[in-house]
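Note sheet for the following structure.
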Protein chains: 2
Amino acid sequence: MIDRSSSGPELSRLAHLSCHDCSLARLCLPLCLDETDIGRLEGIIKRSRPLHKNEYLIRAGDSVQHVYAVRSGALKSYLLNPDGADQITCFHLPSELIGLDALGEERYPSYSVALETSMVCAIPVHQLEELAGQIPGLRKQLLHTLSREIHEEHEYRSHARESAERRLAAFLLNLSARYSQRGLSPLQFVLPMSRGDIGNYLGMTTETVSRLFTRFRELKLIAGSGHEVHLLDIQRLCRQGDTSGAKQF
Amino acid sequence: MIDRSSSGPELSRLAHLSCHDCSLARLCLPLCLDETDIGRLEGIIKRSRPLHKNEYLIRAGDSVQHVYAVRSGALKSYLLNPDGADQITCFHLPSELIGLDALGEERYPSYSVALETSMVCAIPVHQLEELAGQIPGLRKQLLHTLSREIHEEHEYRSHARESAERRLAAFLLNLSARYSQRGLSPLQFVLPMSRGDIGNYLGMTTETVSRLFTRFRELKLIAGSGHEVHLLDIQRLCRQGDTSGAKQF
DNA sequence: CGAGCGATTGATTTCTTTCAATATCGGTGG
DNA sequence: CCACCGATATTGAAAGAAATCAATCGCTCG
């Protein structure tokens with residue numbers, strides 16, 4: 001059903017590609033770099049043509065050439081288990097890096113595919129490593145980004161044991177915060193992924209996700225239909241599933 | 001109950017501390033470095049006095065000074081949630097690094113505590129970053145280690161949805177492989193952590209862990225009492241929980 | 001306009017947790 | 001050396017949350 005075999009995006013180094021002008025610079029690798037160093041980073045970055053929905057950026061097993069920074073749109077990454085089951089590991093929003101699980105590897109361990117029309121910047125890993133040797137700020141930032149990713153995965157573990165209700169609430173709040181960082185509304189956004197994707201990511205079934213959306217709507221925690229979400233009561237959403245929450249008061 | 005307030009281990013740079021002679025070098029940071037570069041790495045490494053069981057190496061909130069490499073023994077790291085619940089994020093065996101979730105941070109996010117008498121090497125993060133700028137092989141290795149950690153956390157996600165039975169089986173097999181890498185028996189080892197720790201780490205209750213150990217023993221998958229484990233049938237343990245497994249045949 | 005996938009809703013089953021009661025281990029002090 | 005204590009581990013019975021199985025709905029795209 002799923003075509004994982006189509007070839008990757010063509011890459012071109014475009015003259016007008018500039019981290020200087022990019023609104024995401026403060027969230028992305030250039031963070032903390034001075035003008036000169038940003039210039040050096042720009043020098044190795046390539047931009048691909050837009051990926052359309054369901055188009056693959058990376059296929060597991062591909063030889064590792066680049067890490068990617070999302071410029072616009074949204075992607076998901078997933079692992080394909082030996083038994084054939086997918087496990088979504090990340091949703092990537094603009095400024096976030098893709099391929100951090102492949103540094104030092106020969107081949108990418110996971111797939112990355114566009115959830116909607118998306119643009120990415122491609123950064124050759126060898127040149128990035130080289131540049132990280134020369135620019136302390138870039139080195140620091142790269143290590144920090146990797147470290148943060150590890151920490152976030154650890155935090156995911158903390159959630160994993162909690163109820164499906166709490167996990168979904170936390171997921172929505174996490175998305176809200178990330179959209180907010182990117183200058184979008186924290187209260188109103190469109191989910192780029194399906195119910196099935198959310199369930200897969202959070203470790204629950206599509207049916208459970210669907211029921212929880214319904215419940216959250218009934219409780220007036222959220223509004224919106226389909227992929228549209230309005231967060232109506234962030235405070236209560238934070239506490240969702242608490243025994244001290246809706247049940248007692 | 002838990003004392004998280006005692007001060008950290010004293011550090012000393014010991015003349016006889018040598019990565020050259022360390023049997024763990026091929027698993028640890030020195031991997032792939034030549035003699036000269038190993039010497040440079042050694043130059044910044046300090047060794048602490050032994051930590052005794054339940055002694056803290058790191059407390060969340062401490063200012064980040066070092067990452068640590070386990071030299072002997074075993075430690076666990078855990079996050080303390082806002083609601084007061086611990087979540088164990090890692091068990092650390094010899095050669096493994098502690099504090100990778102703190103790079104680029106002011107303060108450690110997690111606690112690390114010895115599960116048994118342990119020795120660690122302390123590596124000042126600033127000097128490590130500096131050295132990673134100068135030694136491409138070290139930079140590569142550091143990035144690779146971080147990247148692998150991310151990948152392993154992603155793989156954990158794949159397991160998270162599986163049955164408790166499978167998760168515990170996978171956990172035992174993972175430990176087995178890690179002991180084997182370190183020159184110990186893959187079939188017979190002593191768990192350094194409690195049932196409670198295992199349950200916490202895997203996202204299940206102590207009772208469930210205990211029941212599963214009993215079941216595995218009944219199925220002749222493992223033997224041994226208490227913290228002792230003998231793996232009797234690795235093949236079957238790999239498939240544990242499969243519908244194509246014990247139930248049908 | 002029909003086909004098909006994604007989403008929703010319902011009924012039932014199953015696995016794991018929770019609550020509760022021992023049992024056992026390791027260490028301490030008499 | 002042995003008895004006792006707390007912590008850890010085991011075992012059982014009951015309850016609960018989410019999965020599974022199943023049916024329907026609705027939207028999007030040829």
Side-chain angles (χ1 to χ4, degrees), chain A residues 1-3 52-54 76 85-88 115-117 159-169 171 190-218 222-229 240-243 245-247, chain B residues 1-3 52-54 76 85-86 88 113 115-117 159-169 171 190-218 222-229 240-243 245-247:
Chain A
M1 220 48 55
I2 299 168
D3 174 25
H52 56 251
K53 186 172 171 169
N54 294 327
K76 67 175 172 183
D86 291 348
Q87 175 60 50
I88 295 174
L115 292 167
E116 60 187 52
T117 304
H159 288 289
R161 54 182 357 177
E162 293 177 355
S163 69
E165 200 167 19
R166 265 173 172 252
R167 289 188 337 259
L168 183 62
F171 174 75
V190 175
L191 298 171
M193 73 291 284
S194 69
R195 298 287 191 267
D197 282 344
I198 295 173
N200 181 302
Y201 179 74
L202 294 176
M204 59 186 84
T205 59
T206 304
E207 292 93 322
T208 299
V209 175
S210 191
R211 277 185 253 270
L212 288 175
F213 267 98
T214 303
R215 193 184 309 170
F216 284 176
R217 257 186 238 109
E218 285 167 359
I222 65 170
S225 69
H227 288 200
E228 236 178 282
V229 176
Q240 195 51 25
D242 270 9
T243 41
K247 287 171 187 173
Chain B
M1 221 49 54
I2 299 169
D3 174 24
H52 56 251
K53 185 172 172 170
N54 294 326
K76 66 175 172 183
D86 290 349
I88 295 174
V113 62
L115 292 167
E116 61 188 50
T117 304
H159 288 287
R161 55 182 355 179
E162 294 178 354
S163 69
E165 201 167 17
R166 265 174 173 251
R167 286 184 344 256
L168 183 61
F171 174 75
V190 175
L191 299 171
M193 73 290 286
S194 69
R195 299 286 191 268
D197 283 344
I198 295 173
N200 181 301
Y201 179 75
L202 294 176
M204 60 187 84
T205 59
T206 303
E207 293 93 323
T208 299
V209 175
S210 192
R211 277 185 254 269
L212 289 176
F213 266 98
T214 303
R215 193 184 308 170
F216 284 176
R217 256 186 241 109
E218 285 167 359
I222 65 170
S225 71
H227 288 198
E228 235 180 282
V229 176
Q240 195 50 25
D242 270 10
T243 42
K247 288 172 187 173

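Naming: A, B, ... by sequence-line order, numbering from 1 per chain. Just so we're clear, the structure is a prediction, and the values are computed from it rather than from any experiment. Heavy atoms only: backbone and side chains are in, while hydrogens, waters and symmetry mates are out.
B:R167 has its side chain within reach of B:M204: a pair of non-hydrogen atoms, C-beta onward, lies under 4.5 Å apart.
To the nearest 0.5 Å, atom NZ of residue A:K53 and atom OG1 of residue A:T117 are 9.0 Å apart. The line from CZ of A:R161 to CG of B:L202 is 10.5 Å long, rounded to the nearest 0.5 Å. To the nearest 0.5 Å, atom OH of residue B:Y201 and atom NZ of residue B:K76 are 13.0 Å apart.
Atom CD1 of A:I198 is separated from atom C1' of C:dA7 by 12 Å (rounded to the nearest Å). Put simply, CZ on A:F216 is 17 Å from C1' on C:dA7, counting in whole angstrom units. To the nearest angstrom, C1' of C:dT9 lies 11 Å from CD of A:E218. Atom CG in A:N54 sits roughly 13 Å away from atom C1' in D:dC29 (whole-Å rounding). Regarding A:K53, its NZ atom lies at a distance of 10 Å from the C1' atom of D:dT28, rounded to whole Å. Rounded to an integer number of Å, the gap from CD of A:E162 to P of D:dG16 is 20 Å. Taking atom CZ of residue A:R217 and atom P of nucleotide C:dA7, one finds them 12 Å apart after rounding to whole Å. Rounded to an integer number of Å, the gap from A:D197 CG to C:dA7 P is 8 Å.
Contacts of residues 204-214 of chain A with DNA chain D (heavy atom under 4.0 Å): A:M204, A:T205, A:E207, A:T208, A:R211.
Residue contacts for B:R215: at a heavy-atom cut-off of 4.0 Å it reaches no nucleic acid atom on any strand shown. Using a 4.0 Å heavy-atom criterion, one finds that A:R161 contacts no nucleic acid atom at all. A:G196 comes within contact range of the sugar-phosphate backbone alone, with a heavy-atom separation under 4.0 Å but no base atom that close. Contacts of A:G203 with the nucleic acid, taken as non-hydrogen atoms under 4.0 Å apart, involve only primed sugar atoms and P, OP1 or OP2.
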In a table with atom names and distances, give each donor-acceptor pair under 3.5 Å that connects a side chain of residues 206-216 of chain B to protein atoms at least two apart or in another chain.
{"from": "B:T208", "atom 1": "OG1", "to": "B:T205", "atom 2": "OG1", "distance (Å)": "3.0"}
{"from": "B:T214", "atom 1": "OG1", "to": "B:S210", "atom 2": "O", "distance (Å)": "3.0"}
{"from": "B:R215", "atom 1": "NH1", "to": "B:E165", "atom 2": "OE2", "distance (Å)": "3.4"}

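For D:dA9, the OP1/OP2 oxygens have a side-chain nitrogen or oxygen of B:H227 closer than 4.0 Å.
Annotation: side chain to side chain contact (heavy atoms under 4.5 Å, CB included) contacts of B:H227 (sequence neighbours excluded): B:V190, B:L191, B:R195.
In this structure, the nucleotide among D:dA9, C:dA7, C:dT16 sitting nearest to the side chain of B:A164 is C:dT16.
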